[in-house]
There are 2 protein chains.
Amino acid sequence: MLVLLVEDDAALAAQLIDFLQHENIEVDYAASVSSAKEIAAQTIKYSRYDAAILDMDLPDGNGISLISEQILGQGVPVLFCTAATALEDKLAAFSAGALDYITKPFDLPELAVRLKLLAKKQGAHAENTFELDSLLIDFNTQIAKRGERILVLSPQQWLLLSLLTKHAPNPVSKEDILCKVWPDQDVNNNMYKSLLTRLRKNISRDSERELLHTIKGQGLVLRKHSE
Amino acid sequence: MLVLLVEDDAALAAQLIDFLQHENIEVDYAASVSSAKEIAAQTIKYSRYDAAILDMDLPDGNGISLISEQILGQGVPVLFCTAATALEDKLAAFSAGALDYITKPFDLPELAVRLKLLAKKQGAHAENTFELDSLLIDFNTQIAKRGERILVLSPQQWLLLSLLTKHAPNPVSKEDILCKVWPDQDVNNNMYKSLLTRLRKNISRDSERELLHTIKGQGLVLRKHSE
DNA sequence: AGGCATGGTAACCATAAGGTAACAGTGTAG
DNA sequence: CTACACTGTTACCTTATGGTTACCATGCCT
């Protein structure tokens, strides 16, 4: 079992790594948001994490951004482990997609148990695929197909598509999309429109049913029928 | 979404039930192990719980026994909510099969979030719909139907309709509507009238019953009969 | 009646919002 | 260096949203 640990307190991290290894859990370690991105980018090419342990307060940002920018890839369960005890911090983490939240100080065995629970559920439960009409997405292999045709998606398109699948069949607001696909960047509406056209072209070709519908003023949805 | 709550502190239980109901979660309540068994036995015949919230210390036993004796049936996710903070208690709960563990005192919203997470993973989803006569609104998917006809609503119309459903079957004053639909804008009565006509046209067509009634001098209501 | 306030409907149309295609700058692999 | 993929930019088209106006209905008061 392979886990990503992002934690700026080196002493705590060392302790954690040591403990987890005794539990037969391999750990990739990063001390900051930026290094986490690098490590994850390399690792994800070859395998995927079974879970991630994130800290909230990091020297160069907030752990939440690692989720919202989808650095970890689809379906990697996230456990926040942080000193922040405020309710709003917890809610922010959960709404970003965290699956558990534990506050410092904590007992190592509890963390390990919760971690295993997350990873187990992930492995047992989710084959980590999404299916709609003849569209099939496998998040493990990062392959998307429409029928037998394999879709070649750019990074942006992949990001948007996985964001939509996560919420389907519920819509995602344009604002959400903008700040997830282009985090801390200048965005304009044209960039959004371009991306959308490109993704549509890839997903539906010829007479294939359109699956990507915009609800005016509301957002984007992935579903069979426009409304 | 249906949840079983087993908790011997009546005041806390009442508070919990109240909060959860506002979150659209139905609650079956038991104050002891024995009554939990009875209630569960009855309920499970007809449906199954989407999750269970268990206390540890109960007058006639330990909540853990409800899991180990398989009272709840297979696959019902369990969240322990208890005053016991000791690591060994937590480990006991997790090893019995609990999926989450939260210690008192806690924040209600956090409990609700964790609960929904559990249930969601299990496959239930909190419904968020409104129904009146043949009008059906799903706020998750943002789809409104009148019978089988799907309503295509503009952003303004959505706003107004959801405002009305929130208060139904009570009226909403015109002033309220004006400042919710057109926040910090110049509004005039014509804009209001137009919006109203358009929404009416969408909701009721041909011989369908009118559901949107204005009460002179009071405001707007969503209900079957004008009075 | 007449005047007037409140509500309701229909039609008009400027404009925002959405959609597409084509081009250009950048980076990267070979 | 070349070729290509990716993405930001621009231009242009289409649609329907929503503000506006004009006109009608009803109820109420003097």
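The shown structure was predicted, so the numbers you read here are calculated from the model rather than taken from an experiment. Just so we're on the same page: letters track the sequence lines, and every chain starts at 1. Note that these values count all heavy atoms, side chains included, but never hydrogens, waters or copies made by symmetry.
B:Leu4 has its side chain out of reach of B:Val76: every pair of non-hydrogen atoms, C-beta onward, lies at least 4.5 Å apart. Residues B:Ile143 and B:Leu151 fail the side-chain proximity criterion, which asks for heavy atoms closer than 4.5 Å.
One atom, CG of A:Asn202, and another, P of D:dA5, lie 12 Å apart when rounded to the nearest Å. The distance between atom CG of B:Leu199 and atom P of D:dG18, rounded to the nearest whole Å, is 11 Å. Taking atom CG of B:Leu160 as the reference point, atom C1' of D:dT17 lies 15 Å away to the nearest angstrom. In this structure, B:Leu178 places its CG atom 11 Å from P of D:dG19, rounding to the nearest Å.
Between D:dC6 and A:Gln157, no contact under 4.0 Å exists linking OP1 or OP2 to a side-chain N or O. Contact check, A:Asn188 against D:dT9: a side-chain N or O comes under 4.0 Å of OP1 or OP2. In this model, the phosphate group of D:dG18 is not approached by any side-chain N or O of B:Trp182 to a distance below 4.0 Å at OP1 or OP2.
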Inset, instruction - Any chance you could list the contact pattern along nucleotides 15-23 of chain C? Use B for base contacts, S for sugar-phosphate-only contacts and - for none, protein heavy atoms under 4.0 Å, 5' to 3'. - result: ---BBBSB-
Legend entry - side-chain hydrogen bond (donor to acceptor under 3.5 Å, both in side chains) between A:Ser204 and A:Arg146, intermediate numbers included: CA-CA 8 Å; A:Ser204 308; A:Arg146 185 75 195 257; 3.3 Å; yes
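A donor atom on one side chain and an acceptor atom on the other are not found under 3.5 Å apart for B:Trp158 and B:Gln142.
Between A:Phe94 and A:Tyr101, the ring planes are tilted. Angles from 30° to 60° get that label.
Looking only at distances, no side-chain donor or acceptor of B:Asp50 sits under 3.5 Å from a matching main-chain atom of B:Val3.
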